[in-house]
Amino acid sequence: MVERYEPPAIEKKWQARWDEDRLYQVRDEEPRPKWYALTMFPYTSGDLHIGHWYNYAPADVHARYKRMRGFNVLHPMGFDAFGLPAENAAINRGVHPFTWTMQNIENMRRQLKSIGAIYDWDREVITCLPDYYKWTQWFFIKLFENGLAYRGLAPVNWCPRCQVVLANEQVESGRCWRCESDVVRRELEQWLFRITKYADELLDFNGIDWPERIKIMQRNWIGKSSGMEISFGLDHPGVAEKEIKVFTTRPDTVFGVTFMVLAPEHPLVSKITAPEKKKEVGAYVARSQRLTDIERLSTEKEKDGVFTGAYCVNRLNDTKVPIWIADYVLQSYGTGAVMAVPAHDERDFAFALKYGIPIIPVIEPPDGIVKSFAFPDTMKEGFEEELKMSGFEYKAAEIGGQFVTLHDEAQVKKYIQLMKAYLKPDNWNDIIGSPWLFFFSGKTGIETIALDSIESEAEILKRCKAIEPNVRNCRTAVEMLNNCEFYRDRLFHAEYGRMIHSGRFTGNRDGVNAVSAYLEEKGWGRRTVSYRIRDWLISRQRYWGAPIPMIYCEKCGIVPVPEKDLPVLLPETAEFRPTGESPLKYNDSFVNTNCPKCGGPARRETDTIDGFMCSCWYFLRYASPQYEKAAFDPAKVKRWLPVDFYTGGAEHAVMHLLYARFFTKAIQDMGLVDFSEPFTRLFNQGIIISGHQKMSKSRGNVVNPDEYVAELGVDTVRAYMMFIAPWEQGGEWDDSGISGISRWLHRVWDLAVENYHSLNNQEDQELIRLTHQTVKKVTEDIEKIRFNTMVAALMEFSNHLSRMKKAGSVSAVAWQSSLKTLLLLLAPTAPHLAEELWHRYGYQYSIHNQPWPQWDEALVTRDEFTLVVQVNGKVRDRLLVPASTTEVQAMQMAAGSTQVQSYLAGREISKRIYVPGKLVNFVLSKPGVQEGHSPSSPHSPSPSQGEGDKGGEVKP
RNA sequence: GCCGGGAUGGCGGAAUGGCAGACGCAGCGGACUUAAAAUCCGCCGGAGCAAUCCAUGUGGGUUCGACUCCCUCUCCCGGCACCA
């Protein structure tokens, strides 16, 4: 018996050898082209679960492949080491965050080493060490000096559980990204980064190869929308401001403004509120401050608000517009004020209905449908017959009367005539949609009033109430119409269309541009853009982060710490209590300092920097991790950056990935680097879930890879990760298939280790073909990141080898050469096994320094192929034919097939389809006669399946 | 609600306009063994004795031909969620 494959021993042996030989040490200066393959470094949470491995193992396979393809590959690893969990461990268990973090790193480094990756550990980066965070602080000062870091009073997202503020990106559906607590608002003075300055640049993804999905998420997050800032006149005694500015994307609806809504936090609120409304408004403002974002922004929550008692003026039609406040308007977007057009905005519509505010339609519905309800007993005898005769679409209402639907202007015109003729005295009728007309039949005839302004709205309502007691409690005309189900779909729409009821613009179809131009000409507005994205809030009221390197001096104000004094070290001792204030605040020896400018007494900033800033530049540090003179050695960054291939989870789409892009653009503008995008190609691998949930310690569903490694070997685990699904897909962790991979690697071992006895060389050509075919398939699959099919191809290849070995049907030379190729193809996936077998064959150490095998396209193609023969698109025969077969020959052979002939008998071929190298399809003309089929195929081959099974029985 | 992605055997998946189910797991049968494990060989979507038919979430369409392209609907996953 030959030696058995024993992975743990082999793996340990080769890892030690590689380590000793510094096989994976990366040299900066090499003639080979560079390849920077980066994978997102882990947060130091304690240990790596199988989900982490799913990030790292396939990334390493790809990097190893690139290495064999002749690239000088930098594939570094490090630790994202600042963050809340470390401090929470300190609070809960009394371990110092530093100790906790470094212990975790020890363990994680051990696990990472067991992967057998090509990480060059000399380049390890740990963000919580002073030699790293010194430069994080240095970058902060650079941003400050360039006007990109500023201190501001802002309503912030406060997580009551973590006792810390969060950036907008770190709030997920109103909850803290880390602990899922509901976030509340607080007004605090904080440090922010001016990411909004780069909003437009961040929208430009030219030159980078990123998944469409991530680009869309970033675009949505940035949320650029073009519109207008429109000024409404304000004339309030004692108030200096003479206008209220609103932001709108729909200037074409400006004639439909019937109220104005300010955010509760809007600075004008306290100034303009009428004395008798002060109490109510104050209470509303107080309440909205108290609510969490979840409560306040919940779409389930009914829109509510309060009238301030004040008015402004719509300059376009000189209408007085009541000013309300409501918390569905956000102070932080646009101007914090909106012009409400209830006829064409869903929220405004709901709000207006709730508070009885008039609704004036100003845009025609694009479907052109107009409705009218002929109320019971309002029409004279014979009206219905007239409707019928005129061909109108109508339906009898349950309560009597008719629902009439009109489809064009001619119908409307005709209907109006008809209706006027039949309307009984002292009644009214209306047509809704466009035009919007009310017809009142009085003593003197019929009077028509259009619902085109606040005044006419009031007049219409007054008259209706006079006629119909049932509508007396309606506050607006639309509220009255809204009682009728039939009208509902006409009362509100948000589409673009022809303007109506809009003075000089009535009839205009390009309202947005027309109104914009007019407002600009008048000086009442300007075209502008708004962004959803807000500046990045980076202050954290916590200990375990890089201290913000700023000093407050009473005389000199805010002064950055001079570079020579960096890093501002975290004091070793601090009291860790969840107070909501930085533990540094009460550390006198940290806080008290001297002003670098005037030397006088001063205080240090006690907040620390958001950990996401550390990961904004770690990819630069890897280029020269021990460099002491600066954050990075410019020559090395020039050599290695940008990252060629960045892999990691999609959960960072609008956090890390957006921040890192911003940061890179910012330092490019400072002249520190000469590229604008850090990651040329991004690939998001899928997530491994467990029990239908993301793996996390807190959920208690983590799967530890260590046991699999100990039992089956790391090569098996690596290959299994590659095999389970396409990498971008991920999925539920299920180890039931891992035995298949283990068996396969054992088979490969036996294949290579056991002696081969050649009996003949019958299959040499076939083996050569299969070898080249496999090289091609494996290479292309790795390039396309289709690792699962790559492993499948390797399995198929080794299955063929097994068969040939058993048969002894290839020469010893062909066998050796193919096996050598198999090992090379296997090297990235199963590096230890490949190295061991390579060594046993006596080939030169190391297999990982060998070039990737090439394939010869001429040898890949077979000299014969299976020609599929179809009749009416259904496969009826398969013929093995020479590769040189011509179309004519193929047709002849296909037609000659006995299988096929039974389908052709008595039928005419109307079309012959030929796909070279693949198939022939005979299309038959429609069956004329039922007989004429051979008894063996009684079914009609015609595609018409009407008769189904019962028609198929033909007794012989 | 809006924006993405997805649905294929018992399971993971393969096939991106041309042989549906590669490769693997599980299962079944056999060989070896005193026996078991391991290993090896065979079978393995459904119906049918068979010829053959049915089958890629639903319903329609385009095409000689559709898992693949287009439209409708259902369900699942991810993101955003009053952004005016």
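Per chain, numbering begins at 1; letters A, B, ... match sequence-line order. No experiment lies behind these values; they were computed from the predicted model shown.
In this entry the distance linking CZ of A/Phe351 with C1' of B/A84 reads 14 Å, nearest Å. Rounded to a whole Å, the CZ atom of A/Arg4 is 16 Å from the P atom of B/A37. The nearest whole Å value for the distance from the CE atom in A/Met217 to the C1' atom in B/A81 is 13 Å. Whole-Å rounding puts the A/Lys303 NZ to B/A84 C1' distance at 12 Å. Atom P of nucleotide B/G65 and atom CG of A/Leu924 are separated by 12 Å, given to the nearest angstrom. A straight line from CZ of A/Phe723 to C1' of B/C11 spans 12 Å, rounded to a whole angstrom. Put simply, CG on A/Asp734 is 9 Å from P on B/G12, counting in whole angstrom units. Atom NZ in A/Lys874 sits about 15 Å away from atom C1' in B/G18, given to the nearest Å.
Taking the C1' atoms as reference points, B/U62 lies 8 Å from B/C69, given to the whole Å. Taking atom C1' in both B/A15 and B/C77, the straight-line distance is 24 Å, to the nearest Å. On the P atoms, B/C82 is 15 Å away from B/G1, given to the nearest whole Å. Comparing the same atom, C1', in B/C53 and in B/A20 gives a spacing of 16 Å after rounding to whole Å. For the P atoms, the distance linking B/A66 with B/C54 amounts to 12 Å, nearest Å. Comparing the same atom, C1', in B/G9 and in B/C2 gives a spacing of 36 Å after rounding to whole Å. Taking atom P on both B/G45 and B/C11, the two are 13 Å apart, rounded to the nearest angstrom. Look at the P atom in both B/C75 and B/A81: the space between them is 24 Å, to the nearest Å.
Closest approach to the A/Arg878 side chain among B/C19, B/A26, B/G18 is made by B/C19 (side chain taken as heavy atoms from C-beta onward). With distances taken from any side-chain atom of A/Thr866 to the nucleotides B/C19, B/A84, B/C64, the minimum falls on B/C19. Listed nucleotides B/C41, B/C64, B/C82 differ in distance to A/Lys806; the shortest reach to its side chain belongs to B/C41. Counting only heavy atoms from C-beta on, A/Asp345 has its side chain closest to B/A84 among B/A22, B/A84, B/G13. Distances from the side chain of A/Gln729 to the nucleotides B/C82, B/A15, B/G13 place B/G13 closest. Listed nucleotides B/C64, B/G79, B/A22 differ in distance to A/Lys911; the shortest reach to its side chain belongs to B/C64. Checking B/C53, B/A84, B/G18 against every side-chain atom of A/Arg876, the shortest atom distance belongs to B/C53. Comparing B/A84, B/C25, B/C82 by their closest approach to the side chain of A/Ser736 singles out B/C25. Looking at the side chain of A/Trp221, the nearest of the listed nucleotides B/G18, B/A81, B/C23 is B/A81. Set against B/C19, B/A22, B/A26, the side chain of A/Val875 has B/C19 as its closest nucleotide.
Within a 6.0 Å radius of CD in A/Glu864, other residues, nucleotides and ligands contribute more than 12 heavy atoms. Counting non-hydrogen atoms of other residues, nucleotides and ligands closer than 6.0 Å to NZ of A/Lys918 gives a total of 12 or fewer.
For A/Tyr328, no side-chain nitrogen or oxygen approaches OP1 or OP2 of B/A81 to under 4.0 Å. Of the side-chain N and O atoms in A/Arg532, one or more sit less than 4.0 angstrom from OP1 or OP2 of B/A81. At B/C25, one or more side-chain N or O atoms of A/Arg743 fall inside 4.0 Å of OP1 or OP2 (strictly under the cut-off). For the pair A/Asn788 and B/A14, the criterion of a side-chain N or O lying under 4.0 Å from OP1 or OP2 is met. Contact check, A/Arg786 against B/A14: a side-chain N or O comes under 4.0 Å of OP1 or OP2. A/Asn799 has a side-chain polar atom (N or O) that falls below the 4.0 Å cut-off from OP1 or OP2 of B/G24.
Across all strands shown, B/A38 has no partner, as no Watson-Crick or G-U wobble contact with both distances under 3.5 Å is found. Base pairing of B/C75: its partner is B/G6, meeting the Watson-Crick or G-U wobble criterion (both donor-acceptor distances under 3.5 Å). The partner of B/C49, taking Watson-Crick or G-U wobble pairs whose two distances both stay under 3.5 Å, does not exist in any strand shown.
Salt-bridge annotation for A/Lys805 and A/Asp750: absent, with no side-chain N of the basic residue lying under 4.0 Å from a carboxylate O of the acidic one. Salt-bridge formation is not detected for the pair A/Arg175/A/Glu172: no Lys NZ or Arg NE/NH1/NH2 atom is positioned less than 4.0 Å from an Asp or Glu carboxylate oxygen.
In terms of position along RNA chain B, the nucleotide closest to A/Gly730 lies nearer the 5' end than the nucleotide closest to the other residue of the pair A/Val915 and A/Gly730. When the nearest nucleotides of RNA chain B are assigned to A/Ser332 and A/Gly873 by heavy-atom distance, the more 5′-ward of the two goes with A/Gly873.
Ring orientation note: the planes of A/Tyr355 and A/Trp324 are tilted relative to one another, at an angle of 30° to 60°. The aromatic rings of A/Trp727 and A/Phe787 sit tilted relative to each other, their planes meeting at an angle between 30° and 60°.
Within 4.0 Å (heavy atoms only), A/Arg534 reaches at least one base atom of the nucleic acid. A/Ile216 comes within 4.0 angstrom of the backbone, heavy atoms only, and of no base. Residue A/Leu919 is in base contact, counting any heavy-atom pair closer than 4.0 Å across all strands shown. Residue A/Ser225 is in sugar-phosphate contact alone, with no base atom involved, counting any heavy-atom pair closer than 4.0 Å across all strands shown. Residue contacts shown for A/Arg747 are limited to sugar-phosphate atoms, with no base heavy atom under 4.0 Å away. Within the nucleic acid shown, A/Arg213 comes within 4.0 Å of sugar-phosphate atoms alone, with no base atom in reach, counting heavy atoms only.
Distance alone, capped at 3.5 Å, is enough to place a donor-acceptor pair between the A/Asp535 side chain and the A/Thr196 backbone. Listed for the A/Ser910 side chain is a donor-acceptor partner under 3.5 Å among the backbone atoms of A/Val923.
B/G9 adopts a syn glycosidic conformation, its chi angle falling within 90° of 0.
A/Leu712 contributes atom CG, which lies 10.0 Å from atom CG of A/Leu745 (distance to the nearest 0.5 angstrom).
One cannot find a donor-acceptor pair under 3.5 Å joining the base of B/G4 and the side-chain atoms of A/Glu212.
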